[in-house]
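Reminder, nothing fancy here: chain letters follow the sequence lines and each chain counts from 1.
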Amino acid sequence: MTDTELPYNIHDANSVVEYAFELIGKTLREAANVDEIADPKRRKGSLGNAIEYYYFHMDPNSRSAPDFEEVGIELKVTPRKLTKKGERVAKERLVISMINYMDVVNEEFETSSLMHKADDMLLIFYLYDKDKDPLDYDIEIVARWGIPDEDLPIIKKDWETVVNKVRAGLAHELSGSDTLYLEACTKSSNSSVRREQPFSDIPAKPRAWAFKASYMTNVAAGLDEGMQSIERKQGEEEASLFDLVRERFAPYFGQTEQELAETFGYAREGKRPPKNLCALITKKILGVTEDAKIAEFEKAGIQTKTLRLQKNGRPKEAVSFPYFDYCELVETPFEESDLHEQLSTRFMFVLFRESEEEPGVYRLADIAFWQMPDADLEEAQACYEEMQRRVRDGHAEDSVKSSENRCCHVRPHGRNAQDTNMTPYGVPVIKKCFWLNQAYLKDEIEKITQNRS
DNA sequence: GCATGATCATGC
DNA sequence: GCATGATCATGC
């Protein structure tokens, strides 16, 4: 199968991840329409190899790391099992890569070969069941994962403990019990194999970097927890996410912000409703508790934004994104930029419309799912690259105006005028971000709502 | 009424 | 204390 025939775009990380998400809640038999794992060689490593071959259509003969080389993502398929108490735990450690004793002593943790791999992984957890054919294992979690910041100090320490032992000529004395999360686990086809080490003549067992099973148990629990799915009632099993969400919202169409605040218990004596009202009621309406994330939105990478449409259909405000770093902007091509990533994901707009009779009063009117068309992504790219030029030329203060680009513009986005960021030419300039133009949003919203019956 | 600079409010 | 979604303020 050539690149263009693949059911996902191998050059687009979002596409790879979105395609992978479709595995959640399924078995490989269901997801890839496979009857049996034909090649007995592929039975070993069972599900992981089969997913690569039958679902991602990777050629097992031309395997090179990382698995999704084009986007730098490493695929890891790993089992959980049920304990006697019925709790899910990692069945085994997650092996990342072999340790080369001769090279590792010259590495730094931050730029190590381990970090290169463990930095950006596509983790797939399935539920192991000794009585099942691997094709029928339940695939429970799919997540793009990197070592979380809060775990980095311990993992770095673990890495250094191992590497320092090799530097001391003690590779033959390495043990999994030396470390907490990350370990150097033995890995070889038979127990007599030995490798050379740089600072001792004693041959050492081959070992690989691996996250311990206990650590993986917690990683999986963390990915599971804090996520709630939208409950589907009878007859809704097959509904699209959009239909499901709109169905839930529909009873509240027509309510003002104040009324919604009261309906959901967010009204505050003598004060405006909270600014994050939209986020709060979205969760309430979809039946997800306040502290949880909406699983479907997280998995599909949907960003929720409020749009207050004035009587003329124009949003009262433009839509902002996080501020950008001037130095990063200059160095990063559009395809690899945060802006590209943000504009490549789907949005759910919660639409409020200004009441005809009561100026300034906005009522919940509709929801709309939107993704920027490719042609407009090119327009956004022009905005991005023009801003890059200006910063390179020493004019970061000179924003790309909304009059200069059909889709996007640049504007300040700090806490105040003193909230600045360093430019490549050494002068601090107020923090700025990219915004979606109001006129552009008006057109896009009209396209969506007019296409509806 | 719009463009753009500036700031608020909340959550982590 | 900062990042971020949301909103305000000013001038043309």
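Under a cut-off of 6.0 angstrom, the local environment of NZ in A:K311 is crowded, with over 12 non-hydrogen atoms contributed by other residues, nucleotides or ligands. No more than 12 heavy atoms of other residues, nucleotides or ligands shown are found within 6.0 angstrom of CG on A:D374. The 12-atom threshold is exceeded at CZ of A:R308, counting heavy atoms of other residues, nucleotides or ligands nearer than 6.0 Å.
The existence of a salt bridge linking A:K283 and A:E290 is excluded, since no basic side-chain nitrogen approaches an acidic carboxylate oxygen closer than 4.0 Å. Salt bridge A:E358/A:R363: present, at least one basic N to carboxylate O contact under 4.0 Å. Looking at A:R248 and A:E236, a side-chain N of the basic residue comes within less than 4.0 Å of a carboxylate O on the acidic one, giving a salt bridge.
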Stepwise, does the ring-ring contact (aromatic ring centres under 6.0 Å, His included) test hold for A:Y126 with A:Y128?
CA-CA 6 Å; A:Y126 63 91; A:Y128 170 79; 7.4 Å; no
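Two residues are said to be in side-chain contact when any heavy atoms from C-beta on lie closer than 4.5 Å; A:M98 and A:K187 meet this criterion.
Residue A:N437 places no side-chain N or O under 4.0 Å from the OP1 or OP2 atom of B:dA3. For A:R314 and B:dG1, the shortest distance from a side-chain N or O to OP1 or OP2 is not below 4.0 Å. Distances shown here put a side-chain N or O of A:K431 below 4.0 Å from the OP1 or OP2 atom of C:dA3. Of the side-chain N and O atoms in A:Y323, one or more sit less than 4.0 angstrom from OP1 or OP2 of C:dA3.
For the pair A:K305 and A:F347, the cation does not sit on the ring face, since its NZ or CZ is not both under 6.0 Å from the ring centre and inside 45° of the axis.
Here B:dT7 presents its C1' atom at 16 Å from NZ of A:K432, a figure rounded to the nearest Å. Look at CD on A:Q418: it is 16 Å from P on C:dA3, rounded to the nearest Å. Between A:Q310 atom CD and B:dG1 atom P there is a gap of 8 Å when expressed in whole angstrom units. At whole-Å resolution of the value, CD in A:E257 and P in C:dA6 are 11 Å apart. Protein atom CH2 of A:W435 is 13 Å distant from nucleotide atom P of B:dT7, rounded to whole Å. Regarding A:F352, its CZ atom lies at a distance of 14 Å from the C1' atom of C:dT7, rounded to whole Å. Atom-to-atom, CZ of A:F434 to P of B:dT4 comes out at 15 Å; the value is rounded to the nearest Å. The distance from atom CG of A:L441 to atom C1' of C:dG5 is 14 Å, rounded to the nearest whole Å.
If you check residues 328-347 of chain A against DNA chain C, you find no residue with a heavy atom closer than 4.0 Å. Using a 4.0 Å cut-off on heavy atoms, the residues of residues 391-411 of chain A that approach DNA chain B are A:K401, A:S402, A:S403, A:R411, listed by number.
Atom CD of residue A:E52 and atom CG of residue A:L47 lie 10.0 Å apart, to the nearest 0.5 angstrom.
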Considering only nitrogen or oxygen atoms on both sides, find all protein atoms under 3.5 Å from nucleotides 8-11 of chain B and state each distance.
unit_1, atom_1, unit_2, atom_2, d
B:dC8, O2, A:K275, NZ, 2.6
B:dT10, OP1, A:R268, NH1, 2.8
B:dT10, OP1, A:R268, NH2, 3.3
B:dT10, O3', A:N276, ND2, 3.3
B:dG11, OP1, A:N276, ND2, 3.2

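The listed nucleotides are C:dT4, B:dT7, C:dT7; the one nearest the side chain of A:A417 is B:dT7. The A:N312 side chain lies nearest to B:dC2 when the options are C:dT7, B:dG5, B:dC2.
If you find the closest nucleotide of DNA chain C to A:P322 and to A:K316, the one lying nearer the 5' end belongs to A:P322. Heavy-atom distances to DNA chain C give each of A:C278 and A:D419 a nearest nucleotide, and the one nearer the 5′ end belongs to A:D419.
The six-membered or imidazole ring of A:W370 lies near that of A:F349, with a centre-to-centre distance under 6.0 Å.
For the 3.5 Å distance criterion, the side chains of A:E397 and A:H395 qualify, holding a donor opposite an acceptor.
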